[in-house]
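Report on the following structure.
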Amino acid sequence: MSTHTDRLHERAFVRTFFTTPTAVEGEDDSAKMLQSAAQLSGMEAPDVWVPDNEDATAPSMRDEGVENMIDVISEHGADFPGEIHPRVVWHRESPTTRYQGFQQILKLADPENGAVDHLDGFVIPEVGDIDDWKKADEFLTIVENEHGLEEGSLAMSVIVESGEAELALGDLREEMGKPSNNLERLFMLVDGEVDYTKSMRAITPTGELPPWPELRHNTSRGASAAGLIAVDGPYDDIRDVEGYHERMTDNQAKGMLGIWSLTPGQVVEANKSPLPPKNGSWQLEVNDRTIELDEEDGRHVYNGDEVELEETGDDRYTLRVGGDELELDGEELSQELLDMTSYIPSLDDIVDSMEEFEAAKEAGKGAIAMERSGTLVIDGVEVEVSNDRMWDEATYQAAQTPITLFQDVYENRPDQHGDLEELYGEDLVERAMVVG
């Protein structure tokens, strides 16, 4: 029995999981939204497009939704720049619903209908324990055999939206290698916080969803252990761009680099979010708040009123933070501000550091010190801050993740080459594609 974590799919990273209703009631063309989504490109096109024949489509429209998917994917699937994984109906407690999902998959995967050549897999919602995952897997195996497709050619992704499914995450590493199933077809683990909240019978005073950091951590851990991709659920306040970014930043610190997108605007934000920034930036931590400093002529300027700095004499300064006042000399001030700041490296910074470490390793060095310095300006007073960070092989490997993601995006999304080169410059893109 195998317990490997090798990834079996072409994509090692998924930034965006974009769902679209398959049939909209009351429209002259019920496939209107499918048609629009199928023709997205560049940063507006997701890594994974999910024509959604479950929650996003009314039950009375789902048969028509299957027909719409066949028509639209047959016409536009060859040109769609991302992967296509329709979501079908399923439920851990309903054999009838599971049978309906099987019938939807059977029809969509029929070569005579013309869509399967452009399908990469299917998304199965509302799964339960690991035995339920195996039922979906077996249905896909039956469909593949029925239509003469290679076994395992259709990927399977599941939506974790119940306590049973969350507990099943711990069984994956052992179960995936068993010869009695094809669970190695698994691709993405996607959180569904709305139904998870319902399943857990959770209550909040405002009625809003709990943030469920434990679920997101468990899903990311399960994905890492089994060589899969973790994706967070939908962020339904589509106008709250700042909140969407905060959610993605929190997820990325957990290793969950993908997120559900509900609009092309969210797709753009989610496609860009895990990529390293074009420019490095300094941040100041003040009263549990993180404030990004403005860059002006190579200096990093604080424009708030929570921190005050006054030069009081020859190499003497008064620093006021909230209600605290400190009398410091230049060296003490530099250290105090260094403790209050953090630096977000740019893509250029990361590539430079990796190239420098690679050169040192070629020369036989196991670790080197990397200096980071900057000029901070508070109330017109300039202060130089700098620190040294030791880079060894472990540091290098950790820094490689954003570069590996960048390389995966560039290799698999040629439609985004122009956007990336415009953002970073052709020279930096070329360096980023060979480092590591």
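Numbering starts at 1 and runs along the sequence shown.
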Closest non-hydrogen atom pair between A109 and H147, with its separation: O-CD2, 3.4 Å
Salt bridge D195-K198, side-chain N to carboxylate O under 4.0 Å: yes
Could you check I291, T341, L376 and say which one makes a side-chain contact (heavy atoms from CB on, under 4.5 Å) with Y302? I291
Any side-chain heavy atom of E175 sitting closer than 4.5 Å to one from W133? no
When every non-hydrogen atom of S157 is compared with those of H85, the smallest separation belongs to OG-ND1, 4.5 Å
For a 4.5 angstrom cut-off between non-hydrogen side-chain atoms, does R92 reach S199? yes
Can you say whether the rings of W212 and Y196 are parallel (under 30°), tilted (30 to 60°) or perpendicular (over 60°)? perpendicular
Output every pair passing side-chain hydrogen bond (donor to acceptor under 3.5 Å, both in side chains) with a member in residues 399-408, not counting sequence neighbours, ordered by first then second residue. R11-D408, D408-N412
State, to 0.1 Å, how close E161 and G192 come at their nearest heavy-atom pair, and which atoms those are. CB-O, 3.3 Å
What verdict does the side-chain hydrogen bond (donor to acceptor under 3.5 Å, both in side chains) test give for Y343 and D349, after you've listed the backbone C-alpha separation in whole Å, the side-chain angles of each residue and the deciding distance to 0.1 Å? CA-CA 11 Å; Y343 182 75; D349 292 325; 2.7 Å; yes
The residue among D191, D236, T19 that forms side-chain hydrogen bond (donor to acceptor under 3.5 Å, both in side chains) with W260 is T19
So R62 and Q100, do their side chains get closer than 4.5 Å, heavy atoms only? no
Could you tell me how the ring of Y410 sits relative to the ring of F406: parallel (under 30°), tilted (30 to 60°) or perpendicular (over 60°)? parallel
With a cut-off of 3.5 Å and sequence neighbours excluded, list every side-chain donor-acceptor pair involving residues 425-435.
{"residue": "R431", "atom": "NE", "partner": "E355", "partner atom": "OE2", "Å": "3.2"}
{"residue": "R431", "atom": "NH1", "partner": "D348", "partner atom": "OD1", "Å": "3.0"}
{"residue": "R431", "atom": "NH2", "partner": "D352", "partner atom": "OD1", "Å": "2.6"}
{"residue": "R431", "atom": "NH2", "partner": "E355", "partner atom": "OE1", "Å": "2.9"}

Of all heavy-atom pairs between S261 and Y244, which one has the smallest distance, and what is that distance? OG-OH, 3.1 Å
Is it true that atom CE of M43 has more than 12 heavy atoms of other residues, nucleotides or ligands lying nearer than 6.0 Å? yes
If you count every heavy atom of other residues, nucleotides or ligands that lies below 6.0 Å from D305 atom CG, does the total exceed 12? no
Check ion pair D131-K135 (N to O, under 4.0 angstrom): no
Hey, does E25 have a side-chain heavy atom less than 4.5 Å from the side chain of E64? no
Hey, which of I105, D137, I159, D132 is the one that makes side-chain contact (heavy atoms from CB on, under 4.5 Å) with I124? I105
Atom of R216, atom of M256 and distance for their closest heavy-atom approach: O-CE, 3.6 Å
Would you tell me whether D415 and S41 have side-chain atoms, one donor and one acceptor, within less than 3.5 Å of each other? no
Measuring from L34:CG to I73:CD1, what's the distance to the nearest 0.5 Å? 7.5 Å
Listing request: all salt bridge (Lys or Arg N to Asp or Glu O under 4.0 Å) pairs with a residue in residues 146-155, at least two apart in sequence or in separate chains. none
Hey, mind stepping through V158 and L189 against side-chain contact (heavy atoms from CB on, under 4.5 Å) and telling me if it holds? CA-CA 5 Å; V158 300; L189 305 177; 3.8 Å; yes
Would you check if the side chain of H91 reaches a backbone N or O of G128 as a donor-acceptor pair within less than 3.5 Å? no
By side-chain hydrogen bond (donor to acceptor under 3.5 Å, both in side chains) - contacts of T97 (at least two apart): S94
Are the aromatic rings of F139 and W90 close, with centres under 6.0 Å apart? yes
Can you sort out the partners of P402 under side chain to side chain contact (heavy atoms under 4.5 Å, CB included), two or more places apart, ordered by chain and number? P276, I350
Pairs touching residues 271-286 that satisfy salt bridge (Lys or Arg N to Asp or Glu O under 4.0 Å), sequence neighbours left out: none
Any heavy-atom pair between the side chains of K107 and E67 that's under 4.5 Å? yes
Spacing of OG1 belonging to T263 relative to CZ belonging to F18, to within rounding of 0.5 Å: 7.0 Å
